[in-house]
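Reviewing the structure listed below.
Keep in mind it's a predicted model, so treat the numbers as computed, not measured.
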Amino acid sequence: MRNGPAVRRRRLGEELRRLRREAGLTSDETARLLGWHQSKVSRIETGVSGVKEADLPRLLDALGVTDSRLRSLLGTLAGAAGGGQGWWQAYGGVIPPRYRDFISLESQARTARTLETSVVPGLLQTPGYARAVTRAALDGPPATTVDSLVEVRLARQEVLRAPDPLALHAVLDEAVLRREVGGPGVMREQLWTLRKLAALPHIRLQVLPFSVGGYVGLTGPFVIFSFPNITDLDLVVLDHLTSSLYLEREEDLEAYCAAFRTLEAHALSPEDSLDLIAGIGDGV
């Protein structure tokens with residue numbers, strides 16, 4: 001388990017080393033092209049140190065990397081222009097670094113598979129629901145803080161409206177749908193919105209009914225991110241009250257992917273899930 005920045009540094013180093021080898025360059029040759037010491041290239045490729053925002057484009061140019069999407073994702077991994085300087089930086093005084101790191105990964109992911117056991121996933125929340133969840137999660141936050149955090153939550157949802165949107169597969173515990181967050185009016189709107197969003201081709205929504213009983217993942221939510229262009233970059237995010245843990249080992253990824261397949265198999269079909277959501281919404 002690693003924190004987000006460490007994951008990004010190590011994965012960035014691995015990818016830059018692969019690209020250097022594909023370009024037919026040694027680390028010494030790369031260093032000479034850039035006017036660096038060879039040790040600097042070595043530290044970057046092993047993940048010991050990161051890449052400065054101004055250095056990454058020069059390095060990618062030296063390696064002959066021209067694919068704009070690949071450069072953007074490498075920027076996200078480096079916490080540089082492609083990721084660290086995203087729209088969320090404007091909220092640096094409100095959201096902690098771990099949340100900014102999560103958003104930067106989410107913004108570049110190709111797919112997200114998530115289990116939620118308590119609340120509607122942030123990418124699917126209505127403004128009213130997001131506000132109610134934020135107030136409940138914090139201890140008497142100022143109104144301005146709540147406003148900013150809700151803005152961040154809603155801005156994150158742009159990944160679902162992009163020309164090449166994030167493919168989201170969410171499995172929700174039935175408790176998520178029955179917990180009356182924000183009151184009946186807020187909950188009715190949220191349930192209606194879930195039905196509307198689930199009709200989109202890149203969103204798959206399934207519900208784990210109470211009748212399933214205990215299930216793998218019952219102890220907490222998780223997200224599995226997959227990324228384009230980078231080989232073997234999938235990672236699992238476990239979100240806790242005061243920290244986020246990032247699991248990248250192959251055995252961890254295999255375990256969580258297998259767990260998600262089991263959840264998918266035990267959950268209601270998307271069609272039956274929408275029927276259940278509609279029934280719950282009619283009763284709110």
Side-chain angles (χ1 to χ4, degrees), residues 1-93 95-110 223-239 242-254 256:
M1 293 183 290
R2 298 172 179 262
N3 61 29
V7 170
R8 298 199 298 187
R9 283 195 306 270
R10 195 173 77 81
R11 291 303 178 92
L12 176 67
E14 292 173 352
E15 188 64 15
L16 290 174
R17 183 169 58 250
R18 180 186 68 80
L19 291 169
R20 174 178 59 75
R21 290 172 175 170
E22 287 185 357
L25 296 170
T26 66
S27 58
D28 282 327
E29 289 169 337
T30 302
R32 284 197 296 271
L33 285 172
L34 295 165
W36 296 352
H37 291 292
Q38 187 276 337
S39 60
K40 179 174 180 177
V41 176
S42 178
R43 288 196 304 272
I44 290 172
E45 290 188 353
T46 55
V48 172
S49 62
V51 185
K52 293 181 180 179
E53 181 177 342
D55 286 343
L56 183 62
R58 293 182 58 221
L59 176 56
L60 296 180
D61 289 342
L63 299 179
V65 179
T66 58
D67 184 282
S68 60
R69 190 165 186 178
L70 177 55
R71 290 176 71 105
S72 178
L73 181 54
L74 291 171
T76 296
L77 293 175
Q85 297 301 315
W87 58 263
W88 48 90
Q89 291 301 107
Y91 296 90
I95 59 178
R98 67 184 180 89
Y99 191 19
R100 295 198 298 271
D101 196 68
F102 178 88
I103 296 172
S104 72
L105 292 170
E106 180 182 73
S107 71
Q108 292 293 330
R110 180 183 69 245
V223 181
I224 306 171
F225 282 130
S226 298
F227 298 85
N229 297 318
I230 298 286
T231 304
D232 191 30
L233 184 61
D234 292 13
L235 59 86
V236 179
V237 183
L238 306 178
D239 201 26
T242 58
S243 65
S244 293
L245 299 178
Y246 293 69
L247 286 73
E248 56 169 334
R249 296 186 309 170
E250 184 176 353
E251 52 266 42
D252 291 327
L253 288 167
E254 289 178 353
Y256 275 87

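Within the model, atoms OG of S226 and CG of L253 stand 8.5 Å from one another, a figure rounded to the nearest 0.5 Å. The line from CZ of R21 to CG of L16 is 12.0 Å long, rounded to the nearest 0.5 Å. The CD1 atom of I103 sits 4.0 Å away from the CD1 atom of I95 when rounded to the nearest 0.5 Å. Remark: D234 CG to Y256 OH distance equals 15.0 Å, nearest 0.5 Å. Between the CZ atom of R58 and the CH2 atom of W36 there is a distance of 6.5 Å, given to the nearest 0.5 Å.
D28 pairs by the salt bridge (charged side-chain N to carboxylate O under 4.0 Å, His left out) definition with nothing, not counting sequence neighbours. Residues passing the side chain to side chain donor-acceptor pair (under 3.5 Å) test with E254, sequence neighbours excluded: none. Every residue two or more places apart in sequence or in another chain was checked for a salt bridge (charged side-chain N to carboxylate O under 4.0 Å, His left out) with E29, and none qualifies.
Taking the six-membered ring for Trp and thresholds of 30 and 60 degrees, Y91 and W87 have ring planes more than 60 degrees apart, a perpendicular arrangement.
Applying the salt bridge (charged side-chain N to carboxylate O under 4.0 Å, His left out) rule to pairs touching residues 31-48 yields R20-E45, K40-D55, sequence neighbours excluded.
You'll find the side chain of L74 reaches within 4.5 Å of the side chain of L19, heavy atoms only. Residues L59 and T30 meet the side-chain proximity criterion, which asks for heavy atoms closer than 4.5 Å. You'll find the side chain of D252 stays beyond 4.5 Å of the side chain of V236, heavy atoms only.
Between Y246 and F225, the distance separating the two ring centers is not shorter than 6.0 angstrom.
When all heavy atoms of A62 and L34 are compared, the pair lying nearest together is CB-CD2, 4.1 Å. L63 approaches A23 most closely through the heavy-atom pair O-CB, 3.8 Å.
Taking a cutoff of 4.0 Å between a charged side-chain nitrogen and a carboxylate oxygen, R71 and D61 qualify as a salt bridge. Look at E22 and R18 and you find a salt bridge, because one of the NZ, NE, NH1 or NH2 atoms lies within 4.0 Å of a carboxylate O, short of that distance.
Put simply, the side chain of T46 gets close to the backbone of S42: a donor and an acceptor are under 3.5 Å apart. Looking only at distances, a side-chain donor or acceptor of S107 sits under 3.5 Å from a matching main-chain atom of S104.
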